Each structure stands twice: as structure tokens, then as C-alpha cells.
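Each remark here refers to the structure printed beneath this line.
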Amino acid sequence: MLNLQFEGKFWIYTGPGAWHFVTLPMETAEQIKFFRERHHGFGTVRVTAMIGQTEWKTSLFPDKASGSFLLPIKAAVRKKENLTTGQTLSVSISLDL
């Protein structure tokens, strides 16, 4: 199990679906890439994420623009943790190796 903690800015994708994300810092992304050379599907990495007191299972999406990963923040988490775009969030993620 790899457990990582980081801070990232919470933002909204302006395209279809209005997805909400946190972009992982490059050093965090590099650690994931080092331990997980092969990814499922189109490069997603399954993780358990935690913001505040809310924990959920999701997948990180590779982001070609930044070279990092994007953590999607679903509506239930945004509502429960009272999140607003532009905030810097403290995030914990864990993934099986």
C-alpha cells in the first residue's frame, strides 16, 4: 500500500460534464508513476481518497497537459466537505501496489 498526502488547488473543468478536480503535484505524480509503471485502461490509477472526514474510492486520470494526474471530486464529497473551487485542499490518497 502506498499512502501519499499533498495539497492542491480545487478547480472545475469548463468542458462537458463540469467535472471538478485537484491536480496532483508533480512530485506526488512521480511517486505514483515509479511504483505503478503499468496502469489500467487509459492510464487510470485506482485509489482511495480522503478530504477532511470524507473517504471514497475513485481513479486518478492521467493529464497530458501537466504530465501529472487529476483527482476527480464527486458531488457528494464537495457537498459534505463544503468545498468551493479555488480552495487549496489537503488530500490523502492510498493505492495498492
Side-chain angles (χ1 to χ4, degrees):
M1 176 93 44
L2 177 63
N3 296 307
L4 301 168
Q5 296 181 9
F6 61 90
E7 290 189 350
K9 189 159 279 205
F10 180 50
W11 58 278
I12 185 170
Y13 173 69
T14 57
W19 288 70
H20 293 71
F21 294 104
V22 172
T23 303
L24 277 65
M26 280 306 297
E27 60 190 42
T28 304
E30 291 299 328
Q31 288 179 321
I32 293 169
K33 291 174 186 176
F34 178 80
F35 287 105
R36 293 289 304 259
E37 290 184 30
R38 293 184 178 175
H39 305 290
H40 301 286
F42 61 93
T44 61
V45 177
R46 292 181 185 163
V47 298
T48 300
M50 184 170 210
I51 295 175
Q53 299 300 309
T54 306
E55 182 177 278
W56 75 103
K57 293 190 182 297
T58 188
S59 293
L60 303 175
F61 297 102
D63 179 35
K64 289 182 184 178
S66 69
S68 186
F69 291 98
L70 304 177
L71 171 68
I73 312 295
K74 62 184 186 176
V77 175
R78 298 191 310 263
K79 184 176 180 179
K80 187 172 182 182
E81 294 296 330
N82 198 27
L83 303 179
T84 57
T85 56
Q87 279 182 277
T88 298
L89 303 178
S90 294
V91 180
S92 298
I93 59 172
S94 60
L95 58 141
D96 292 328
L97 297 179

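If you're wondering where the values come from, they're calculated on a predicted model, not measured in any experiment.
- Between W19 and I12 the shortest side-chain heavy-atom distance does not fall below 4.5 Å.
- L60 pairs in a side-chain contact (heavy atoms from CB on, under 4.5 Å) with only one of the listed residues (I32, V22, L95), which is I32.
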**OP:** Please test K9 against T88 for side chain to side chain donor-acceptor pair (under 3.5 Å), starting from the C-alpha separation and ending with a verdict.
**Re:** CA-CA 4 Å; K9 189 159 279 205; T88 298; 4.9 Å; no
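- Across all non-hydrogen atoms, the minimal contact from Q31 to L2 is O-CD2, 4.3 Å.
- Closest non-hydrogen pair, M1 versus S94, comes out as SD-CB, 3.6 Å.
- Remark: L4 CG to I93 CD1 distance equals 5.0 Å, nearest 0.5 Å.
- For the atom pair CD (E7) and OG (S90), the distance works out to 4.0 Å, reported to the nearest 0.5 Å.
- When the side chain to side chain contact (heavy atoms under 4.5 Å, CB included) test is applied to Q87, the partners found at least two apart in sequence or on another chain are L83, T84, L89.
- With rounding to the nearest 0.5 Å, the separation of OG in S68 from CG in D63 is 7.0 Å.
- Rounding to the nearest 0.5 Å places CD of E55 at 9.0 Å from OG of S92.
- Here the closest heavy-atom approach between residue T58 and residue A49 is recorded as CG2-CB, 4.4 Å.
- Checking F21, F10, W11 one by one against T85, the side-chain contact (heavy atoms from CB on, under 4.5 Å) holds for a single residue, F10.
- Checking each of L24, V47, T23 against F69 for a side-chain contact (heavy atoms from CB on, under 4.5 Å) leaves exactly one that passes, namely L24.
- Expressed to the nearest 0.5 Å, how far CG of L70 lies from OG1 of T44 amounts to 12.0 Å.
- The environment of Q5 atom CD is sparse: at most 12 non-hydrogen atoms of other residues, nucleotides or ligands sit within 6.0 angstrom.
- For K74, the side chain to side chain contact (heavy atoms under 4.5 Å, CB included) partners are W56, V77, not counting sequence neighbours.
- Proximity of the aromatic rings of H20 and Y13 is defined here by a centroid distance below 6.0 angstrom, and this criterion is not met.
- One finds the CD atom of E81 at 7.5 Å from the CD1 atom of I51 (value rounded to the nearest 0.5 Å).
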